[in-house]
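So that the names make sense, note that chain A is the first sequence line, chain B the second, and so on, each numbered from 1.
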2 protein chains.
Amino acid sequence: MPSKTRITIKDVAREAGCGVATASRVLNNSGPASADVRKRVEKAARSLGFSFSATGRALQSKRSMTIGCLVPSLANPVFAEAVQGAQEVLLGSGYQLLISSSNYDGAIDNEAIATLLSNDVDGLIVTMTAPEKSRELKQARERNIPVSLMFHDPLDGFCSAYVDNFEAAREIARQFAALGHRRTGFLALRFATSDRSRNRYAGFLAECRARGLPDPALIEISEAEAKTPEKLADILREHSGLTAVFASNDFLAIAVQKAARLSGWRVPEDLSVAGFDGIEIGRMLDIPLATIETRPAAMGRQAAETLLCALQGGPFEQRPALPFQFRAGATLAAPRPESPTAAGIAPQPPSVPSLKYALKQG
Amino acid sequence: MPSKTRITIKDVAREAGCGVATASRVLNNSGPASADVRKRVEKAARSLGFSFSATGRALQSKRSMTIGCLVPSLANPVFAEAVQGAQEVLLGSGYQLLISSSNYDGAIDNEAIATLLSNDVDGLIVTMTAPEKSRELKQARERNIPVSLMFHDPLDGFCSAYVDNFEAAREIARQFAALGHRRTGFLALRFATSDRSRNRYAGFLAECRARGLPDPALIEISEAEAKTPEKLADILREHSGLTAVFASNDFLAIAVQKAARLSGWRVPEDLSVAGFDGIEIGRMLDIPLATIETRPAAMGRQAAETLLCALQGGPFEQRPALPFQFRAGATLAAPRPESPTAAGIAPQPPSVPSLKYALKQG
DNA sequence: TTGTACGCGTTATCAG
DNA sequence: CTGATAACGCGTACAA
């Protein structure tokens, strides 16, 4: 039965035949020590397999060297990549990431922040439902704990690493309009709890109005519906007359493509589709997805860098929004004179989009 | 300028006019207290906005209520989902997740575990390059810190939440063989550092041999090649004569489909493709991907449950491998009499797979 | 029922 | 150059 208890600096000091203060100085290079005692301490530490207890250090130094991170869900690759980005920045810094996810539940959001705070985190990286009205987030600021938001527009005194969803969505509206689309729709998942989704819709709507186009239909669906193309097909059929759909993320957009095929509609001839995020797989599709390319990992990195900077005594400054880029893909085309979704019924047998786009990509 | 320092139980005790022990007993419901003092303490705690310091508690109780989690990368949705699953199990338990990722680097793996250990984690959930030869992992066991592996076959004294990659890969070989494929390939990413990839190849190879078929070609590619269908197409063309490719994960398999299209090959008529993992998007493709469905989130959940059980004094037991399921998709077909990849050159114009499979799925 | 005092592992202080 | 000691926030044994 091997040793059950932690090896502490006391053990090292005893083994080396010196006081704990000396051992601490040697191991930390934080003060004078004779070459002799230095050797003994180092040897003792090595042979005992000593390592510092972060807990003891945290208590003494009042810095936990820990950063709390809250995201809605790691099952969403966008957030997962952002956390990975933050993790990479923090890797050599001595800071550890304490993570929580809320599953998009605003109540859990706040509980999670409270828990993170009571874990004495030195900083916070947060994406949540309603940062603007979170008492816990304000508490963090009152305790002078720097908070980096991710994915949110900058807020109050909190810095944020984000893309301008409103502007990006306007770009989609422009692309639709340039092709001649008038009857468009915005497909949203978790509209009520996602400011990203709302901002995208707002930008899309604003640009449509600015061009004198009809307001886009706001189509909210459930997670179950998003995952079941058959249901999604039913929903799309209910919204007759749409010639272009802007999905609030790429996964949804791919589901729309699938649903369209199930209804016998061709993409993009019968229905144009655009997504948001720019996930890698979108480029691998038979018909590559038109989308807004963003860099979630860069968001995580920036959030972590900003925080690190503040933690190390530097300024805690808002940086400009991260860039996005429209990716044309092949899911956008001019609407047909008479849209088959307007016609209502009788799905036509799909035609042959494969060749055209395979060549286009080649 | 709001309060800068932490509110401790001393502050509460002073405010309530009692000793710290009494305050502690009240706030923890851990001992007797008169109704009177109870009121005062609770009121004081509330008005001061007191919350316990996890650090102080950890030091005193020798339990950090923290679980360390190491995965190769959160940018891989499989691992991200697993961590999310673990997180969900831990949510109400009082344990926090301290996460690290190694970016598939075996040296960082071990550093990360050492760091986690020095953070006094109470348990460990780990996926790494070489758990079987990790000194740090053994150290954890010597300290009686329970370790749950994820994705690895059970090892030594460590429990693992995993699927039987070897058996699952045999199933792919069976499917290929049943259709009449003889010249097959295994496309691997990070073969050297992923026992999953190796086990899948081993199972695939074993079943091929058991059936008297030629050994499958082992095709290792780089991450850059995986992300660039054009390069992948070049590589596939170099391996002439293959009629079926088993990719070590779904992302790769989707890239293969893309690469095949770029070469003018039809999937599955000219080339059968199978993946591994069972990601959602595979079902949404024009030609749904044949794959092995696994449940990464369930792996994370099981790993966390097993750990929690041990942490709460229960048995620390290996559970049976998690189930997997072959999903037929539409990327598998019998090989053509003369394979176009064997023929060597002259990509033929793609034919019309869309209709056939759209109907099949409807 | 209550409060004092100690120890958890660490580092900073300060006297030797 | 060295080492004893206080302090960090907490829970608990023990004394009142």
Side-chain angles (χ1 to χ4, degrees), chain A residues 3-42 44-45 48-66 94 115 117-122 143, chain B residues 3-42 44-45 48-66 94 115 117-122 143:
Chain A
S3 68
K4 196 185 174 79
T5 83
R6 203 171 220 300
I7 289 144
T8 79
I9 202 168
K10 280 186 188 170
D11 300 319
V12 175
R14 187 171 346 101
E15 179 80 8
C18 68
V20 288
T22 302
S24 174
R25 277 189 296 257
V26 170
L27 265 10
N28 288 304
N29 263 324
S30 64
S34 65
D36 180 44
V37 74
R38 200 173 282 275
K39 292 266 185 215
R40 291 186 344 248
V41 168
E42 272 159 4
L48 262 43
F50 168 80
S51 78
F52 286 106
S53 158
T55 307
R57 279 190 155 167
L59 190 57
Q60 199 287 137
S61 68
K62 310 200 132 208
R63 316 186 71 223
S64 68
M65 297 306 283
T66 280
T115 303
L117 250 25
S118 86
N119 272 308
D120 305 314
V121 294
D122 294 332
R143 286 205 211 162
Chain B
S3 68
K4 195 185 173 80
T5 83
R6 201 168 223 301
I7 290 144
T8 78
I9 202 168
K10 278 187 190 172
D11 301 318
V12 175
R14 186 171 347 101
E15 177 81 8
C18 69
V20 288
T22 303
S24 173
R25 279 188 295 255
V26 169
L27 264 10
N28 287 306
N29 264 325
S30 64
S34 65
D36 180 44
V37 73
R38 200 173 282 273
K39 291 266 186 215
R40 296 195 329 258
V41 168
E42 273 160 2
L48 263 43
F50 168 80
S51 77
F52 287 105
S53 157
T55 306
R57 279 189 156 167
L59 192 56
Q60 196 288 134
S61 68
K62 311 200 131 209
R63 317 187 70 221
S64 69
M65 297 307 282
T66 279
T115 303
L117 250 26
S118 85
N119 271 82
D120 305 314
V121 295
D122 295 333
R143 289 206 210 159

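Positionally, the nearest nucleotide of DNA chain C for A35(B) lies more toward the 5' end than for the other of R25(A) and A35(B).
To the nearest 0.5 Å, atom CZ of residue R143(B) and atom OG1 of residue T5(A) are 10.0 Å apart. Considering OG1 of T22(A) and CZ of R40(A), their distance stands at 9.0 Å, rounded to 0.5 Å. One distance of note links CZ of F52(B) with CG of N119(A); it measures 13.5 Å at 0.5 Å rounding. Rounding to the nearest 0.5 Å places CD1 of I7(A) at 12.5 Å from OG of S53(A). The distance from atom CZ of R14(A) to atom CD1 of I9(A), rounded to the nearest 0.5 Å, is 12.5 Å.
For the pair D120(B) and R6(A), the minimum side-chain heavy-atom distance is below 4.5 Å. Contact of the V41(A) side chain with the C18(A) side chain is registered, since non-hydrogen atoms from C-beta on lie closer than 4.5 Å. Within the 4.5 Å cutoff, no side-chain heavy atoms of T55(A) are placed close to those of Q60(B). Counting heavy atoms from C-beta on, the side chains of R57(B) and N28(B) come closer than 4.5 Å.
Summarising the geometry of E15(B) relative to A44(B), their closest heavy-atom pair is CG-CB, 3.5 Å, with the distance given to 0.1 Å.
For the contact set between residues 11-22 of chain A and DNA chain C, defined by any heavy atom under 4.0 Å, the members are A21(A).
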N/O to N/O distances under 3.5 Å, protein versus nucleotides 8-10 of chain D:
{"residue": "dC8(D)", "atom": "O2", "partner": "L59(A)", "partner atom": "O", "Å": "3.4"}
{"residue": "dC8(D)", "atom": "O2", "partner": "Q60(A)", "partner atom": "N", "Å": "3.4"}
{"residue": "dG9(D)", "atom": "OP1", "partner": "K62(A)", "partner atom": "NZ", "Å": "3.4"}
{"residue": "dG9(D)", "atom": "N2", "partner": "G56(B)", "partner atom": "O", "Å": "3.3"}
{"residue": "dC10(D)", "atom": "OP1", "partner": "S53(B)", "partner atom": "N", "Å": "2.8"}
{"residue": "dC10(D)", "atom": "OP2", "partner": "I9(B)", "partner atom": "N", "Å": "2.6"}

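Taken over five-pair windows at either terminus, the axes of the helix from dT1(C)-dA16(D) to dG16(C)-dC1(D) are inclined to one another by 60° (rounded to 10 degrees).
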